[in-house]
Amino acid sequence: MKRPRVRFAPSPTGFLHVGGARTALFNWLYAKKFDGDFLLRIEDTDRARSTDESTRAIFEGLEWLGLTWDEEVVYQGANVERHYADAHRLLDSGAAYRDFTPPAETERLRHEAEARGDAYRFDRDTATLSDAETAEKLARHEPYAIRFKVPDGVTEWHDVVHERIAFPNRDIEDFIILRSDGTPVYNMAVVSDDIAMGITLVMRGDDHISNTPKQILLYRALGAEVPQFGHVPMIHGADGKKLSKRHGATAVGDYQHLGFLPQSMLNFLALLGWSPGDDTEVMQLPELIERFSMHGLHAKAAIFDTKKLEWMNGQHLALIPIAELAHIVAPLFETAGLATVAELESRREWFHGVLELLRVRARLTDEIVQLATTFFGETVAYDAEAIGKQWRDAAVTGEILQATHDRLATLESWEPTAMEDALRKLAEEKGISGGKIFQPLRVALTGKTVSPGIFEVLLYVGREHSLARVAAAVAFLKQDA
RNA sequence: GGCGGUAUCGUCUAGGGGACUAGGACACAGCCCUCUCAAGGCUGGAACACGGGUUCGAAUCCCGUUACCGCUACCA
């Protein structure tokens with residue numbers, strides 16, 4: 001059995017699209033699972049649209065996801081000489097022919113047919129010239145394109161995800177493989193490169209299904225072994241249309257910056273169009289490799305559901321080792337102006353404790369940063385809503401907070417169970433419920449009605465700052481009353 | 001228009017002729033837990049596109065219809 005070789009071949013005309021990322025993922029999983037190679041080829045033959053920036057974005061996106069490639073990146077543009085040679089090989093063997101028809105003329109015919117409502121197909125006969133005519137045009141250096149001579153018959157293959165697909169050859173026109181300026185056309189370049197790279201399975205998007213019969217014909221005419229093909233479905237937006245910019249974020253980089261973890265993205269993408277066959281949903285990369293099979297691949301287009309992605313991210317946020325999370329999130333704290341990475345590192349235990357508190361309450365890493373503001377800074381801004389809800393009676397609340405402050409101040413150890421014992425006892429003495437103490441206290445400490453457990457907040461805000469915040473709240477209420 | 005592909009809850013899916021009263025997850029609603037919020041647990045509503053076959057028996061196999069998607073370039 002030959003070593004499996006698969007590739008991901010994006011054109012660098014934009015950022016790494018989530019659909020592309022998923023295609024890359026399936027190829028990558030296949031390579032890992034079946035002990036093969038995962039290669040990357042940049043299809044940059046469309047020089048007008050290709051940019052270095054896009055190429056970089058593709059690398060970055062793939063690297064962020066951890067989908068690393070096994071050999072040096074192949075740039076299609078570097079192989080045009082081989083593409084050219086292969087096209088001429090087909091010309092020489094009679095599998096292709098010269099087409100001297102000016103592009104404008106072909107275009108005119110096409111428009112005419114369309115206007116009549118007919119299906120246009122290039123007419124081989126009009127381009128067929130006698131040897132003498134050809135020699136004459138050649139002598140005059142008239143430009144020509146090379147067209148592939150599509151043979152009679154039916155071209156079919158066993159698609160890894162769709163089973164059998166067949167195209168009657170009469171529905172395939174004699175397509176151009178080399179433009180009149182000598183540059184190769186997509187299908188020629190792809191086949192030439194896939195042969196040269198020794199690709200054994202071409203796994204790509206559904207939108208390439210109609211290219212496949214042309215490519216199979218090319219493999220055969222070139223005398224090359226035809227690889228396996230697998231066409232994975234498209235990813236659609238909520239409206240059922242191909243996912244595009246107007247659906248919002250479509251680049252994997254967008255999701256990175258929105259606060260998603262790469263493992264969530266991978267897990268979510270894997271489940272769009274593939275299923276392990278049972279109810280398992282949350283999986284890490286090793287498990288994905290372990291469970292990956294072609295059998296679980298789907299033929300149906302899937303709609304990208306951001307809500308489920310968010311849930312998935314919440315799951316992975318809860319699972320990721322805390323040190324790893326800290327590493328990802330610390331720079332975000334720095335850009336938010338909360339603390340520098342170095343400061344956080346110097347209070348490692350405390351920082352990890354804070355993250356432990358917040359990770360379960362957040363779905364995005366950005367949310368963790370937002371929620372964490374409570375644990376930084378000297379002053380607290382009180383939400384109007386929080387005041388209205390928990391501090392209605394300024395006099396009574398001020399008194400309770402003062403008592404709370406005093407009781408906490410007497411504590412020997414700044415430790416949750418001791419705090420809870422003390423404050424529950426206080427509530428009992430006053431004949432009120434615990435909530436009557438905890439809720440106003442929460443507003444005093446955080447300015448908000450919601451937060452992690454009040455004793456954890458006290459612990460991580462710290463004794464000094466907590467007492468100061470409560471005192472400040474008492475003062476605020478006094479002035480208010 | 002031609003060609004190709006697809007069709008299970010709103011969404012992602014399980015399902016490979018009998019185990020289907022069609023299972024799970026997201027979302028939604030309610031309840032429990034509880035100092036609030038999450039997380040978690042429980043409960044609920046919600047689907048086999050339609051029509052024909054094949055078969056003792058069909059969500060599962062076949063055909064047709066419909067709908068949706070893709071391709072239809074000297075773009076990739």
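Residue numbers begin at 1 in each chain, while the letters A, B, ... track the order of the sequences.
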Position toward the 5' end of RNA chain B (nearest nucleotide), A:A299 or A:W311: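 Comparing both residues, the 5'-ward one is A:A299.
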
Does A:E281 or A:G277 map to a spot on RNA chain B nearer the 5' end, using the closest nucleotide for each?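 Counting from the 5' end, the first nearest nucleotide belongs to A:G277.
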
Report which part of the nucleic acid [X] touches: base, sugar-phosphate, or nothing (heavy-atom distance under 4.0 Å, all strands).
X      : answer
A:G240 : sugar-phosphate
A:F167 : sugar-phosphate
A:H208 : base
A:G453 : base
A:R49  : base
A:I454 : base
A:S451 : base
A:A166 : sugar-phosphate
A:K448 : nothing
A:Q315 : sugar-phosphate
A:R47  : nothing
A:P233 : nothing
A:S50  : nothing
A:T446 : nothing

Mind checking what makes side chain to side chain donor-acceptor pair (under 3.5 Å) contact with A:Y382, not counting sequence neighbours?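 In terms of side chain to side chain donor-acceptor pair (under 3.5 Å), with neighbours along the sequence ignored, A:Y382 is linked to no residue.
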
Please measure how far the [atom1] atom in [N] lies from the corresponding atom in [M], and state the result in whole Å.
N     : M     : atom1 : result
B:G70 : B:C37 : P     : 44 Å
B:G15 : B:U60 : C1'   : 8 Å
B:C12 : B:G4  : P     : 26 Å

Quick one: sort the A:F438 and A:F455 rings into parallel, tilted or perpendicular, breaks at 30° and 60°. perpendicular

Provide the Watson-Crick or G-U wobble partner of [N], both distances under 3.5 Å; none if there is no partner.
N     : answer
B:U36 : none
B:U60 : none
B:C9  : none
B:C20 : none
B:G45 : none

Starting at atom [atom1] of [X], determine the distance to atom [atom2] of [N], rounded to an integer number of angstrom.
X      : N     : atom1 : atom2 : value
A:N187 : B:C71 : CG    : C1'   : 11 Å
A:D207 : B:U72 : CG    : P     : 9 Å
A:I368 : B:A39 : CD1   : P     : 14 Å
A:E456 : B:U36 : CD    : P     : 14 Å

Backbone N/O of A:G77 and side chain of A:D44: donor-acceptor pair under 3.5 Å: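 It does hold such a pair.
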
Is the distance from OP1 or OP2 of B:C12 to the nearest side-chain N or O of A:K300 less than 4.0 Å? yes

Look at the side-chain N and O atoms of A:H236 and state whether any lies under 4.0 Å from the OP1 or OP2 oxygen of B:A7. no

Cation-pi check, A:R147 onto A:Y97 ring (under 6.0 Å, within 45° of axis):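 Checked: cation-pi criterion not met.
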
A:F8 six-ring face occupied by A:R41 cation (under 6.0 Å, within 45°):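 Because its charged atom misses either the 6.0 Å distance or the 45° angle limit, A:R41 does not stack over A:F8.
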
Is the distance from the ring center of A:H208 to that of A:Y186 below 6.0 Å?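 Yes, the ring centres sit under 6.0 Å apart.
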
Let me check something: any side-chain donor-acceptor pairs from residues 296-306 of chain A under 3.5 Å, sequence neighbours excluded? List them with distances.
residue, atom, partner, partner atom, Å
A:D305, OD1, A:K307, N, 3.1

